[in-house]
Enquirer: 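Handing you this structure, nothing more for now.
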Protein chains: 2
Amino acid sequence: MATHTGSQAVERAGALLGVIVESGTPRTFSSLVDELGMAKSTTSRLLHALERSRLVHRDRAGAFRPGALFSLHAARPSALHDLSELARPTMEHLSELSRETVNLAVPRGGTPVQIDQVESRYLLGAVSWVGVDVPAHCTALGKVLYAYGALDLPRGALERRTAHSPVDRAQFDHALIEVRRRGWAASLDELELGLAAVGAPVRTVDGTVVAAVSVSGPTSRVNEYGITRLGDLLVAELRGLSALLGHYPARRDVS
Amino acid sequence: MATHTGSQAVERAGALLGVIVESGTPRTFSSLVDELGMAKSTTSRLLHALERSRLVHRDRAGAFRPGALFSLHAARPSALHDLSELARPTMEHLSELSRETVNLAVPRGGTPVQIDQVESRYLLGAVSWVGVDVPAHCTALGKVLYAYGALDLPRGALERRTAHSPVDRAQFDHALIEVRRRGWAASLDELELGLAAVGAPVRTVDGTVVAAVSVSGPTSRVNEYGITRLGDLLVAELRGLSALLGHYPARRDVS
DNA sequence: AACAGCGGTTCCATACTGTGAAACTTTTGC
DNA sequence: GCAAAAGTTTCACAGTATGGAACCGCTGTT
């Protein structure tokens, strides 16, 4: 029962690439053979072909990573725009449900970088943060990325912005554990009095957190809606995104 | 005379991907058929296979762009690190030749983002700019990215940082033309008195500018070395990088 | 409405190319 | 130094990729 008529070799090569790119960490030849269950010879041949096309790169240690073509694409200014595009429908939907500002951020250069935003439907809403330098530990997006290891924990003292800012390291670490437990993060009056946000992770199918989405607005309205309700809503909505990012054909054919 | 023993279908699919990713702009089906000279049927089949593997994405208009796997990779914090890795040897070499600080930047979110740096060999050298928010029009890296359209021109007034900062719009536009003519950009005392930099573009084989590299140090030493000499050096060194980024097997077999 | 033109997909017979087992070579571990 | 693991190459076979042609579904034209 073939999934589709067509090019077997290309699909197998695609499956290899999928595994290599999604796992995020360099993969050894044998781990690929094990995971996809193809003959060593076939795997070897396909990997060499992919290497010639600069789709994979084998490092000194002999492990495979995404190739120059992926780096080239990543260097383009439009690269993250593509991610925004994938996330757009979900963000629009969240915006409709909450009527608040929705943001998308990825970790880059040690801090969360906002790459897309859907404006609040209210007149009084969170304004654009794009480009503004805010301490990540006071934001929902930052906490999410920290909690799931998408961002290295901040070094040095935790800056205080308001009386509610998390500045105690032990307390902050505990907060991150709590984030992982619940699956979402909140930031109430921590960055600015009256400003609140709730954020949740965007995952690939294999569970890796690659981005975060938040809903933010006046603390009063956010509280009114319900922090937990908002958190759970985010988690539920973002689950769907994983499929877009990371669905690839099931292997293990029964021959 | 086959280039290598192996997988024709995969290599052809790889060539398709190469064209799609490198051209940076959405490609139509027929432009791909024309460029690679494969049968329409073959091209169609391969593209569908690539689509199933999320390596290409066809947008509403039916044009092909890099797929979700590329976006996924681009969203990872390590993505740009890969580019740095490719550029490292060249940057190290430039550092040895000039003994000054060498920087690598890509356009991201409307501004140049420094993604790698080799420190000056001198005690008095340009310090790390990573993360520091500087007006791009006063930097060599920024000018290069502006000049080649890798970055959209700044909106609004051009901020003045020193008496030498370019603040007149017409004059600035003219300076960019000059940058394109020479192939490199300079910034002398424009950002900070006593600080100078010379930058040049990093191109893919098809000529698209995806990044910029600069050498910076005290104006006195940079002048002593020679602005033009430095510019030409940069251009020459960076030409080699293109091959790493963009070399892919020549098509047009003679059958 | 009928039609031509264009962009893309599906069909199909042909033969070429991808396949896996096994032999072979290289590296790692002890 | 040997043995085992890791990875590459060989090879005969069959299955799959190939391109021409037919086909489909638009869009614009008279």
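Since we're looking at a predicted model, the values are computed, not measured. In the text below, chain A, chain B and the rest are named by the order of the sequence lines, each starting its count at 1.
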Enquirer: In chain order, what residues pass the side-chain contact (heavy atoms from CB on, under 4.5 Å) check against Thr42(B), with sequence neighbours excluded?
Expert: Arg12(B), Ala39(B), Arg45(B), Leu46(B)

Enquirer: Quiz question: by atom type and distance under 3.5 Å, do the side chains of His93(A) and Glu237(A) form a donor-acceptor pair?
Expert: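 Yes - a donor-acceptor pair under 3.5 Å links their side chains.
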
Enquirer: Among dG8(C), dT18(D), dG7(D), which nucleotide sits nearest the side chain of Arg58(B)?
Expert: dG8(C)

Enquirer: Taking NE2 from His48(B) and P from dC11(C), how many angstroms apart are they, rounded to a whole number?
Expert: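 It works out to 12 Å between those atoms.
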
Enquirer: What's touching nucleotides 19-21 of chain D from the protein side, N or O pairs under 3.5 Å?
Expert:
{"from": "dG19(D)", "atom 1": "OP1", "to": "Arg12(B)", "atom 2": "NH2", "distance (Å)": "3.2"}
{"from": "dG19(D)", "atom 1": "OP2", "to": "Thr42(B)", "atom 2": "OG1", "distance (Å)": "2.1"}
{"from": "dG19(D)", "atom 1": "N7", "to": "Ser41(B)", "atom 2": "OG", "distance (Å)": "2.6"}
{"from": "dG20(D)", "atom 1": "O6", "to": "Ser41(B)", "atom 2": "OG", "distance (Å)": "3.3"}

Enquirer: In whole angstrom, what separates Leu36(A)'s CG from dT19(C)'s C1'?
Expert: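 Rounding to the nearest Å, CG of Leu36(A) and C1' of dT19(C) are 16 Å apart.
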
Enquirer: Of all residues at least two apart in sequence or in a different chain, which pass the side-chain contact (heavy atoms from CB on, under 4.5 Å) check with Ala200(B)?
Expert: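 Ala200(B) satisfies side-chain contact (heavy atoms from CB on, under 4.5 Å) with Trp184(B), Leu234(B), Val235(B), Leu238(B) once adjacent residues are dropped.
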
Enquirer: Could you go through nucleotides 24-30 of chain C and list every protein N or O atom that sits under 3.5 Å from one of its N or O atoms, giving the distance for each pair?
Expert:
none

Enquirer: What residues form a ring-ring contact (aromatic ring centres under 6.0 Å, His included) with His73(A), not counting sequence neighbours?
Expert: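 Partners of His73(A) by the ring-ring contact (aromatic ring centres under 6.0 Å, His included) criterion, ordered by chain and then number, come out as Phe70(B).
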
Enquirer: Look at the side-chain N and O atoms of Gln8(B) and state whether any lies under 4.0 Å from the OP1 or OP2 oxygen of dC16(C).
Expert: no

Enquirer: Just so I know, are the side chains of Thr43(A) and Leu36(A) near enough to count as touching, which here means a heavy-atom distance under 4.5 Å?
Expert: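 Contact flag for Thr43(A)/Leu36(A) side chains = no.
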
Enquirer: In whole angstroms, how far is the C1' atom of dT8(D) from the CZ atom of Phe64(A)?
Expert: 12 Å

Enquirer: Hey, what's the ring geometry for Phe29(B) with Phe64(B), parallel, tilted or perpendicular (30° and 60° as the breaks)?
Expert: tilted

Enquirer: Report the distance from atom CD of Glu51(B) to atom C1' of dT9(C), rounded to the nearest whole Å.
Expert: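 Distance check: Glu51(B) CD to dT9(C) C1' gives 13 Å.
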
Enquirer: Applying the side-chain contact (heavy atoms from CB on, under 4.5 Å) test to Val215(A), which of Arg99(A), Glu100(A), Met91(A) qualifies?
Expert: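 Of the listed options, the one satisfying the test is Glu100(A).
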
Enquirer: Let me know the distance between CG of Leu47(B) and P of dT10(C), rounded to the nearest Å.
Expert: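 Those two atoms, CG and P, are 13 Å apart.
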
Enquirer: Roughly how many Å is it from CG in Leu50(B) to C1' in dT9(C), rounded to a whole number?
Expert: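 Distance, rounded to whole Å: 16 Å.
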
Enquirer: So, Arg27(A) and Glu22(A), do they make that salt bridge, N to O below 4.0 Å?
Expert: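 No salt bridge links Arg27(A) with Glu22(A).
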
Enquirer: Who pairs with Arg65(A) by side-chain hydrogen bond (donor to acceptor under 3.5 Å, both in side chains), at least two apart in sequence or on another chain?
Expert: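 So Arg65(A) forms a side-chain hydrogen bond (donor to acceptor under 3.5 Å, both in side chains) with Glu85(B).
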
Enquirer: At less than 4.0 Å, is any side-chain N or O atom of Ser30(A) found next to OP1 or OP2 of dG7(D)? Yes or no.
Expert: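 Yes.
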
Enquirer: Find the distance Leu46(A):CG to dT9(D):P and express it as a whole number of Å.
Expert: 14 Å

